[in-house]
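Each remark here refers to the structure printed beneath this line.
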Amino acid sequence: MIFLDAAATTPVRREALEAMWPYLSGEFGNPSSHHSLGEAAAAALAEARSGVAKVLNCRAGEVTFTSGGTEADNLAVKGIALARQAAAPSLNRIVISAIEHPAVEESARYLERVHGFAVDVLPVDGDGMVSVEALRAVIGPKTAMVSIMYANNEIGTVQPIAALAAVAREHGVPFHTDAVQAAGWLTLDVRALGVDALSISGHKLGAPKGSGVLFTRGRLRVEPLVHGGGQERAKRSGTENVAGAVALSTALRLSHAEQPEQAARVSELRNQFIGRILATVPDALLTGHRKQRLPSVASFCFPGTSGESVLLELERLGVVCSSGSACAAGSDAPSPVLVALGIAPETAQTAVRFSFTSTITDAELEQAAAAVETAVGRVRNLASPQAG
Ligand code: PLP
C-alpha cells in the first residue's frame, strides 16, 4: 500500500515510541506526586517541554501540553478571546480566515453563539491566500484576537504569517496561528514569525494521537477551558500525558533537525507528482497555491468524477489518500475550503488530496501517479461509458 494521507495522520516514529515507553511502564509516576516515581515523571515532562521550547525558540514556561491540535486551537481562540474580554468588555470581535480548520472555525462560532462575539472572516483568493491588506482593513479597536492558519490541511497553501502577525502587533492584538500542518515542514520559530500563540498536533509529525502543544507568549492571559488541579500553570488542568509529551517532543526535535533536507527533497517530488498528474489526467485542476504550498500536499479536482469514487478506485490500486480533510469525512457537502476559493460546488465534490510523509520515495509517487491516471479514467468511463 502506498500511503498518501499524511495530512490525516502519520505513524508513530520508532524513536518517539522508544522515548515514551518508560513512562508507560517502569516510570509510570504522576508528575504531581512527591515521591521518586513522581519526580522522575515531572523531570521527563520538564525535559519534553524544554525540547519543544527549543524548536519553537520560546521559553519552556510558554509551552502548554494539550490533548492535540483541536484542544490547542480551542484553548487559543476561546482562551485568549475570553481573557481579553474579561479585562476589557468592549473587545468583542475576533478575526479568522475563511479556510480555518473546524477546530478554529467552530471555536469562533461558539464565541459568537454563547458569548456575543462578532466574527470577521477574511476571504481568500483563488489560491487560498489571505491578504495582509484584508486583515489591515478589518482589524480594529474591538478586535480581541486574530487566528489565521499557517498552512491549510486540504490545499496546502501557506499564509504569510509573519506579515499578518505584524499587522496584529501594530494594533496590539494577539495573533494565533494553527501550525498543525506546518509542523515538520516549515519554521516554527515563534519569535521570527512574531506570533503570540501557535498550535501543534503530535500525530501529524510522528507522535501519537492525543498529544499536542499550545505556545502562548509570555504574560498573554489565557482563560482555561478545563478546570481542576491547576496543572500546566493552570492553563490546562488534568494529569499530564507524560508519555505523549515525551513522544511529541522527540518527534518534533527529529523532524526539526531533518526539515531543511526533507522539505527540499519532498517539495521536488511533489512538483514532479503535480507535473505528472497535470500532464496525464485530462482536465485535472490543481487546487491551492502553485508555489506557496506545503512540501507534503498535492491536491486536485478531477471534473467528471466524484472524489469518493476516485478514492475507492485508488484504494483498489493500492494507493490510500483522502477527498479532503479527514475531519469532514462522511459529509456529502462540498468542502467549505474549496468553495471559499471560488471553486463551483460540483467541482469541489471531485477533490482528492495526496499528502506525503517525509519518507515518501520517487518510485512510490511514480506508481501513485500512474494509479491516479487509471482511477480517474475508470471513474469517468463509468460515469459516461460512451465517452470512453
Ligand atoms: N488543525 C489542522 C490544520 C488540522 O489539520 C488538524 C487535524 O487534521 C487539527 C487542527 C486538529 O488536530 P488533532 O487531530 O490533533 O485534534
Side-chain angles (χ1 to χ4, degrees), residues 3-12 16 52 64-79 96-110 124 128 130 147-159 161 164 176-186 188 193 195 197-215 225-226 236 238 241 244-245 247-249 251-252 255 287-289 293-299 320-331 335-338 340 351 353-357:
F3 180 73
L4 301 186
D5 203 12
T9 197
T10 60
V12 176
V52 171
T64 302
F65 286 111
T66 68
S67 69
T70 298
E71 188 191 334
D73 284 346
N74 272 258
L75 183 56
V77 176
K78 297 177 192 170
I96 63 171
S97 83
I99 58 167
E100 293 303 312
H101 186 274
V104 166
E105 153 89 18
E106 290 303 319
S107 293
R109 295 299 167 201
Y110 162 83
V124 292
V130 174
S147 180
I148 299 175
M149 73 196 321
Y150 198 163
N152 183 267
N153 44 302
E154 290 184 45
I155 54 174
T157 296
V158 176
Q159 304 297 341
I161 289 301
L164 292 162
H176 164 251
T177 192
D178 173 343
V180 166
Q181 293 292 342
W185 298 108
L186 307 174
L188 297 177
L193 291 169
V195 298
L198 177 142
S199 310
I200 299 176
S201 169
H203 75 105
K204 310 289 184 178
L205 45 79
K209 294 160 188 66
S211 59
V213 156
L214 178 66
F215 153 78
L225 307 182
V226 182
R236 200 273 181 183
N241 175 2
L248 188 154
S249 184
L252 185 66
S255 66
T287 57
H289 198 283
R293 70 187 299 137
L294 284 173
S296 52
V297 173
S299 51
V320 178
C321 54
S322 144
S323 60
S325 149
C327 313
S331 147
S335 148
V337 170
L338 298 180
R353 175 190 70 186
F354 305 94
S355 51
F356 318 136
T357 63

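These numbers were taken from a predicted model, which means no experiment stands behind them. Every number for a ligand or one of its atoms is a count from 1 in the order of the listing.
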Can you tell me how far apart CD (E71) and OG (S201) are? Round to the nearest 0.5 Å. 11.5 Å
We want to know whether S299 and T287 form a side-chain donor-acceptor pair, criterion being a heavy-atom distance below 3.5 angstrom. yes
Partners of D73 by side-chain hydrogen bond (donor to acceptor under 3.5 Å, both in side chains), sequence neighbours excluded? S199
Between A108 and V77, the two heavy atoms sitting closest are N-CG1, 4.1 Å
Backbone N or O of G128 within a donor-acceptor pair of the N152 side chain at under 3.5 Å? no
Would you say ligand 1 has an N or O under 3.5 Å from any N or O of A7? no
For Q181, counting its heavy atoms only, list the atoms of ligand 1 lying under 4.0 Å from any of them. 3 (C), 4 (C), 5 (O)
Among the heavy atoms of K204, does any lie under 4.0 Å from an atom of ligand 1? yes
With heavy-atom distances below 4.0 Å as the criterion, list the atoms of ligand 1 near D73. 1 (N), 10 (C)
What residues, two or more places apart in sequence or in another chain, satisfy side chain to side chain contact (heavy atoms under 4.5 Å, CB included) together with T157? M129, I155, Q159, H289
Give the atom numbers and elements of ligand 1 that come within less than 4.0 Å of a heavy atom of T70. 11 (C), 12 (O), 13 (P), 16 (O)
Under 4.0 Å from a heavy atom of H203: which atoms of ligand 1 are those, numbered in the order shown and with their elements? 13 (P), 14 (O), 15 (O)
Proximal ligand 1 atoms for G68, defined as those under 4.0 Å from one of its heavy atoms: 15 (O)
Looking only at heavy atoms, is any part of E71 under 4.0 Å from ligand 1, and if so is it the side chain, the backbone, or both, or is it neither? neither
If we ignore hydrogens and angles and just use 3.5 Å, is the side chain of T177 paired with the main-chain N or O of Y150 as donor and acceptor? yes
Counting from 1 in the order shown, the ligand 1 atoms closer than 4.0 Å to a non-hydrogen atom of M149 are 3 (C)
